[in-house]
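A quick write-up on the structure given underneath.
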Amino acid sequence: MQLRLYDTLTKEKRPFTPLDPSNVRMYVCGPTVYDFAHIGNARPVIVFDVLFRLLRHIYGADHVTYVRNITDVDDKINDRAARDFPALPLNEAIRKVTELTEKQFHDDVDALGALRPTVEPRATEHIAEMRSIIEKLVQGGFAYVAEDHVLFSPQAMNAENSILPRYGALANRSLDEMIAGARVDVAPYKRDSTDFVLWKPAKPGEPSWPSPSGISVPGRPGWHIECSAMAWKHLGEQFDIHGGGIDLVFPHHENELAQSACAFHSDRMANVWMHNGFLQVESEKMSKSLGNFITIRESLADWPGEVLRLNMLKTHYRSPIDWTAKALEESAKTLDDWYEIAADVKADRPSDAVIDALSDDLNTPQMIAALHGLRNIAASGSDRDRGEFAATLRMLGFLSESAAEWKGRKQQASGVDAKQINDLISNRTAARARKDFKESDRIRDELAAMGVVIKDSKEGTTWEFAR
RNA sequence: GGCCACGUGGCGGAGUGGUUACGCAACGGUCUGCAAAACCGUGCACUCGGGUUCGAUUCCCGACGUGGCCUCCA
């Protein structure tokens, strides 16, 4: 089935045609590394990992380039560095914060079953590219220097009657609306309220670099220019897919698009703009003030990463998702079942039904329905059926452990001694053999109190942990 | 205030102009000393009001409700 993707810019689902099938290129906005990533940050990581895997399946693993940046220059990083490492010079403190946070982020997303992107560029290593784009924008008349800042002018962009896209097209709003809706104080050096910063002077002690466009004092980049620079360096002037959270549509992606299109005199930056919906926790917006702020790290203490992964995919990526304990329990139960059936099976080839579901704009709920179908066939079918089920799950980033490892996690988490359980079960079996059902039921209750569920079958008694 | 998205059965959640989503829970059955597990089966739906249509949960208009963006945010 032909891959179809929904494009935020044109607001339609349409067939995906790569610019170059031998090198399909995708850029996704990554983390700003100043603290543990939260469960909301996990959504784009998982969603675009699934897309990455699908593209690799369709075009070949060596023919997809996935770039996810790391933003390591930001006020929040500076604040954190000053707070956590007050004794160090700021630059050193910043490096400590970004290195530590980057490691945390990698550990977390690895646990979620996400493949590492092809390239993970850091903003601070692309200052030259940023300066180069800024110079182009100033020379082209789209940006100007004012009080040691460089500002981009959306008005100038829209005044030019050429192939350039209209500023505001991605967020679907006009410049007039933005001017009318401006609610922040406009900096005095801006010509228009809609102008945004490409480069600004650094405060003393902050990380800084030589400025572009003849500005004599050192400075630092604005937020949006980073992504334009990193995408250009690693994917070229135009590429196939640009992704991120829906909250990035405006202003971040609108501005990125404007910068790149104007700098390269291009009608587009990416062919498809994809945005994942927001995540709520137990029907409430996640926020520090509500106290329902959940980090990936905290979630991983309660659930295997694959449970979080499956849970995330139960909802279509563009819809809002309500993150609840109930849903997680359900996901855990589903994975227990899948592990039992397929974890120790030799993988065959992935199922077309699942590829087809994903090819329809990443319809992961449909994909899961297809997985349930494969599961039922595998449970009573041939080794080949189980091989197909296993291969499909592995392609999607599941079944990274053996069935024993998976089961062992729960035992470990419960702190219960396996030998003690087996002894109790032996005693119960003996009691049942002499028809002492009062005693056998007592033992069963005792095990239940430990969170152990008994399963009797013709072959004997097995047990597992209840959730 | 402006812009946008969404409103499906007890819960989660796809999809479709006329025909089964899927999963969890529930209920019935098989099995069992009784249960659990497993397996088989069953029921339950498309916010409201108009319109278009032979026919709308699906298209259009309106109302109500929920969420998002407009400011750092995945």
Side-chain angles (χ1 to χ4, degrees), chain A residues 8 11 28-32 34-35 37-48 68 71 74-76 79 168 171-174 176-185 194 223 243-254 275-280 283-288 293 296 310-324 326-334 336-337 340 357 360-361 363-373 375-376 379-380 431-433 435-438 440-441 444-445 447-448 452-458 461-464 466:
Chain A
T8 308
K11 289 158 192 60
V28 175
C29 290
T32 300
Y34 67 99
D35 204 349
H38 57 69
I39 196 68
N41 299 104
R43 194 168 191 193
V45 169
I46 293 170
V47 163
F48 290 103
R68 185 180 62 207
T71 296
D74 180 271
D75 284 340
K76 284 185 291 243
D79 294 347
N172 194 32
R173 63 187 74 177
S174 69
D176 289 344
E177 281 168 16
M178 291 180 218
I179 294 163
R183 298 198 306 201
V184 275
D185 292 336
T194 50
W223 174 34
I246 194 166
D247 54 317
L248 295 181
V249 172
F250 192 88
H252 186 52
H253 288 170
E254 188 74 60
H275 295 95
N276 63 271
F278 244 58
L279 176 145
Q280 289 185 287
S283 303
E284 284 186 320
K285 180 166 178 163
M286 183 165 64
S287 71
K288 282 181 176 159
F293 201 89
I296 298 173
L310 177 62
N311 200 248
M312 200 67 87
L313 298 176
K314 286 205 293 199
T315 304
H316 184 89
Y317 75 93
R318 282 191 276 126
S319 301
I321 187 170
D322 192 15
W323 196 255
T324 65
K326 188 171 180 241
L328 284 162
E329 277 163 25
E330 203 178 300
S331 299
K333 197 181 286 190
T334 302
D336 286 347
D337 180 55
E340 198 167 322
D360 181 17
D361 191 33
N363 191 337
T364 53
Q366 186 65 53
M367 167 199 92
I368 291 169
L371 286 171
H372 286 302
R375 179 262 177 225
N376 287 336
S380 57
R432 291 177 71 209
K435 301 219 188 297
D436 183 355
F437 297 124
K438 199 177 167 192
S440 73
D441 287 355
R444 187 167 66 199
D445 289 345
L447 287 164
V452 173
V453 178
I454 296 287
K455 296 184 189 179
D456 292 330
S457 74
K458 296 247 186 322
T461 301
T462 60
W463 58 274
E464 67 177 34

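Convention: sequence-line order gives letters A, B, ...; per-chain numbering from 1. Keep in mind it's a predicted model, so treat the numbers as computed, not measured. The basis for the numbers below is simple: all heavy atoms, side chains too, and nothing from hydrogens, waters or symmetry mates.
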Does B/A37 have a Watson-Crick or wobble mate here (both distances under 3.5 Å), and if so which one?
none

Nearest-Å distance for atom pair CZ/P, residues A/F250 and B/C73
12 Å

Measure from the ring centre of A/F278 to the centre of the six-membered ring in the base of B/A74, then say whether that distance is under 5.5 Å and the planes meet at under 30°.
yes

Can you confirm whether the side chains of A/K76 and A/T32 place a donor and an acceptor under 3.5 Å from each other?
no

Across all strands, who's sitting opposite B/U16 as a Watson-Crick or G-U wobble pair, both distances under 3.5 Å?
none

Using the C1' atoms only, state how far B/U47 lies from B/U58, rounded to an integer number of Å.
15 Å

Do A/R444 side-chain and B/A36 base share a donor-acceptor contact under 3.5 Å?
no

Classify the side chain of A/D456 and the base of B/A35 as holding, or not holding, a donor-acceptor pair under 3.5 Å.
yes

In B/S/- notation (B base, S sugar-phosphate only, - none; protein heavy atoms under 4.0 Å), nucleotides 4-16 of chain B written 5' to 3' is S------S-SSS-

Verify the contact: side-chain N or O of A/K455 to OP1 or OP2 of B/U32, cut-off strictly under 4.0 Å; return yes or no.
no

Check against side chain to side chain contact (heavy atoms under 4.5 Å, CB included), A/F48 and A/N276:
CA-CA 9 Å; A/F48 290 103; A/N276 63 271; 3.9 Å; yes

Which whole-number value in Å describes the distance from A/K76 NZ to B/U71 C1'?
11 Å

Could you check whether the rings of A/H253 and A/H275 sit parallel, tilted or perpendicular, using 30° and 60° as the cut-offs?
tilted

Lys/Arg N to Asp/Glu carboxylate O, A/D336 vs A/K333, below 4.0 Å
no

Verify the contact: side-chain N or O of A/W223 to OP1 or OP2 of B/C73, cut-off strictly under 4.0 Å; return yes or no.
yes

